[in-house]
There are 2 protein chains.
Amino acid sequence: MATLKDVARLAGVNISTVSRALAGSPSISAATAQRVRAAADQLGYHPNLSARALSGKRTGVVALAVQDIMSPVWALLCGGVCDTVAARGGTVMLFTAQNESDYRERVLPALRSCGADGAVLALLFLDQQLQQLTEETGIKAVLAECRPRAGIPSVYADREEASYRACRHLIDVGCRDIALVTAPWFDHSYIEGCDRAAGGEVPHRVYSGEPTYQAGYQLGLALAADGPLPQGLVTVCDEQALGLQHAFLQNGVQVPQDCSVISLEDSMLAVATWPQLTAVSKPLYRIGARAADMLLDMLDGKTAASQVVHHQLTVRQSTSLR
Amino acid sequence: MATLKDVARLAGVNISTVSRALAGSPSISAATAQRVRAAADQLGYHPNLSARALSGKRTGVVALAVQDIMSPVWALLCGGVCDTVAARGGTVMLFTAQNESDYRERVLPALRSCGADGAVLALLFLDQQLQQLTEETGIKAVLAECRPRAGIPSVYADREEASYRACRHLIDVGCRDIALVTAPWFDHSYIEGCDRAAGGEVPHRVYSGEPTYQAGYQLGLALAADGPLPQGLVTVCDEQALGLQHAFLQNGVQVPQDCSVISLEDSMLAVATWPQLTAVSKPLYRIGARAADMLLDMLDGKTAASQVVHHQLTVRQSTSLR
DNA sequence: CTGAAAGCGCTTACAG
DNA sequence: CTGAAAGCGCTTACAG
């Protein structure tokens with residue numbers, strides 16, 4: 001591991017000159033800058049990040065805290081953050097926090113002492129503790145996939161819009177009778193979006209259902225047997241939609257001819273089922289990417305404001321014009 | 001951010017005493033150790049990892065390099081690493097490298113200068129470059145999910161065994177005629193495992209198929225139409241199995257009555273399809289966890305040897321006794 | 001334009 | 001058992 005000292009010796013200058021030359025300081029003559037760079041290349045010099053952090057400079061390290069990388073949802077967000085940070089020359093330090101106390105006792109201390117320049121937080125359970133992070137430690141942070149809080153800017157998608165767009169799509173393809181599968185104890189925004197899309201003109205109802213395959217399957221059986229079958233169905237997740245589809249398939253209800261189905265998720269399940277699911281989805285990768293960009297911009301001294309990211313509609317085979 | 005100096009002042013001792021007391025050095029009197037800890041608690045002291053790294057001590061940071069966190073497969077492995085490292089008091093620094101040049105130019109330099117104690121590498125494309133990492137930089141590393149190379153120990157699952165166990169399961173439930181869907185340009189181990197399980201007694205054949213839904217679907221259509229339908233089918237991934245199932249479902253072939261299907265993956269697709277897929281899967285989470293444990297053990301000075309992790313069979317509804 | 005020196009926060013021989 | 005000092009590798013006022 002070559003250090004500044006090694007480069008300095010080889011280039012025949014002082015280490016401070018090397019430091020300046022490599023940092024691109026204008027106060028270094030072209031000739032020495034050239035010589036220093038050559039020496040650095042020859043030795044394969046790379047700055048020691050710990051030393052740089054210690055002397056108060058940026059390290060290029062961005063801390064990323066998520067609840068669970070194993071979930072495809074969060075994994076996508078992480079991907080967006082990683083790619084963006086990498087593209088801008090940095091690296092990501094990953095923290096997972098399951099809950100508030102885990103965060104407070106393990107992650108927060110690490111966050112402040114790890115030498116990161118800033119943090120992207122994708123932790124839905126955080127609230128009060130956010131103050132601590134930014135106020136006590138002065139770490140710059142942005143939130144991802146949750147509304148701005150505690151004065152920290154965030155990048156997120158709006159749930160009401162998701163439901164609105166899905167219902168709108170069903171109405172656009174001719175459904176005159178739609179249903180939303182959700183649970184009242186979930187975010188109420190889903191129901192609001194549905195109401196807004198229906199606009200008092202299209203009959204719509206809400207079925208209670210957990211976000212599981214089982215719940216979708218049971219509802220599908222019940223609808224196939226006793227009806228009334230809506231012309232269009234919105235599910236809050238792909239599993240529900242799959243359950244519905246399978247129940248329908250087994251009972252002679254055709255998707256999308258008899259009933260169009262649209263999901264508010266868009267995981268790998270959506271394309272691996274038959275018919276493939278039309279879906280309205282949060283652009284999680286983009287949310288991660290934008291959050292990272294916002295953080296890096298803040299670190300560059302730019303001011304940042306929260307951003308609402310829009311959902312995208314992907315039309316596949318489970319919905320069609322009737 | 002309280003530092004050692006702050007704690008020292010509050011406790012009325014020298015910073016070296018604080019450092020020793022907090023490190024649990026036996027050469028510190030119980031009384032001062034007690035006083036120092038109290039002061040540290042009161043100030044909410046947490047050591048600065050950069051400073052610690054700079055003075056040559058362990059930082060508790062483990063570098064993890066993967067090809068793609070967005071894939072559920074790698075995400076599971078990352079989860080195993082993160083949870084294990086966290087449980088042992090450390091944190092993970094995440095790097096993603098798409099390919100060899102990306103690794104060499106961006107990741108390797110970062111790996112050596114980021115202050116990590118060691119690295120878990122889950123990069124299938126690595127080979128020659130491994131020498132560099134360990135020899136030039138002296139970083140301790142373990143490989144995950146690939147065979148040991150360049151003298152670096154690894155934790156991995158054996159593909160031949162996966163195929164063997166899947167075929168064995170089919171034979172055990174009474175299939176007297178099995179087929180494997182794979183491609184000759186994939187790892188040949190799959191075919192070898194099948195051969196070994198069949199043992200010259202059970203007729204078996206190999207169908208060429210990309211690891212996609214489409215490939216499975218097309219094969220399913222062909223088998224349903226023209227046969228001969230094997231009694232048991234092994235697919236190298238869930239997508240293939242899903243495609244097969246759908247083609248069968250549409251053409252009156254019943255799974256598992258007419259044909260048992262087993263997959264060599266076990267993603268979320270396996271449980272979200274109908275019938276749910278029986279699968280032989282790599283314990284990726286465990287591979288990550290074991291790799292992390294192995295690395296941390298090596299850092300503790302223990303010697304480590306490569307480990308082969310065994311696949312697990314999860315019997316669901318797509319196979320049954322005939 | 002360049003160098004000598006101090007400082008970031010920690011650890012650890014070296015004295016006492 | 002405890003302190004004063006040097007050192008890890010970098011950055012940046014301060015001189016010249």
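Reckoned from all heavy atoms, side chains included, excluding hydrogens, waters and symmetry mates. A note on names: the letters A, B, ... follow the listed sequences, proteins ahead of strands, and every chain is numbered from 1.
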*Please examine the side chains of B/Leu124 and B/Gln67, heavy atoms only from C-beta on, and report whether any two atoms are closer than 4.5 Å.*
yes
*Among residues 38-49 of chain B, which contact DNA chain D at a heavy-atom distance under 4.0 Å?*
none
*Residue pairs passing the salt bridge (Lys or Arg N to Asp or Glu O under 4.0 Å) test where at least one lies in residues 61-78 of chain B, sequence neighbours excluded*: none
*Are the charged groups of A/Lys282 and A/Glu145 less than 4.0 angstrom apart, N to O?*
yes
_Quick check on contacts: within residues 19-32 of chain B, what sits under 4.0 Å from DNA chain C by heavy-atom distance?_
B/Ser19, B/Arg20
_Residue closer to the 5' end of DNA chain D, B/Leu54 versus B/Arg35 (nearest nucleotide)_ = B/Arg35
*Taking the side chain as every heavy atom from C-beta outward, state whether B/Asp117 and B/Val62 have any atom pair closer than 4.5 Å.*
no
*asked:* Once salt bridge (Lys or Arg N to Asp or Glu O under 4.0 Å) is applied, do any residues pair with B/Arg159, and if so which ones, sequence neighbours excluded?
replied: B/Asp187
For residues 149-157 of chain A, which side-chain N or O atoms pair as donor and acceptor with protein atoms under 3.5 Å away, sequence neighbours left out?
unit_1: A/Arg149; atom_1: NH1; unit_2: A/Leu126; atom_2: O; d: 2.0
unit_1: A/Ser154; atom_1: OG; unit_2: A/Cys146; atom_2: O; d: 2.7

*Could you list all the side-chain hydrogen bond (donor to acceptor under 3.5 Å, both in side chains) pairs where at least one residue sits in residues 35-50 of chain A, not counting sequence neighbours?*
none
*What heavy-atom pair brings B/Leu143 and B/Ala291 nearest, and what distance separates the two atoms?*
O-CB, 4.4 Å
*So which pairs with a foot in residues 291-308 of chain A pass side-chain hydrogen bond (donor to acceptor under 3.5 Å, both in side chains), sequence neighbours left out?*
A/Arg58-A/Asp300, A/Arg88-A/Asp293, A/Arg88-A/Asp297, A/Arg88-A/Asp300, A/Arg290-A/Gln307
_Reading DNA chain C in the 5' to 3' direction, which nucleotide is the first one with an atom under 4.0 Å from a heavy atom of chain B, and which is the last?_
C/dG9 to C/dC14
*Which heavy-atom pair separates A/Phe95 from A/Ala63 by the least distance, and what is that distance?*
CE1-CB, 3.8 Å
*Looking only at atom types and distance, does a side-chain atom of A/Glu161 sit under 3.5 Å from a main-chain N or O of A/His311, one as donor and one as acceptor?*
yes
*Please, what dot-bracket string fits DNA chain C when only Watson-Crick and G-U pairs with both distances under 3.5 Å count, crossing ones use [ ] and pairs to another strand use |?*
|||.||||||||.|||
_Heavy-atom pair with the smallest gap, counting every atom of B/Val107 and B/Ala97_ = CG2-CB, 3.8 Å
_Just to be sure I understand the geometry, which residues of residues 8-18 of chain B put a non-hydrogen atom under 4.0 Å away from DNA chain D?_
B/Val13, B/Asn14, B/Ser16, B/Thr17
*Could you list the residues that satisfy side-chain contact (heavy atoms from CB on, under 4.5 Å) with B/Ala292, not counting sequence neighbours?*
B/Val81, B/Thr84, B/Val85
*Only counting residues at least two apart or in another chain, list the ones meeting salt bridge (Lys or Arg N to Asp or Glu O under 4.0 Å) with B/Arg20.*
none
*Has the side chain of A/Asp83 got a donor or acceptor atom that lies under 3.5 Å from a matching backbone atom of A/Gly80?*
no
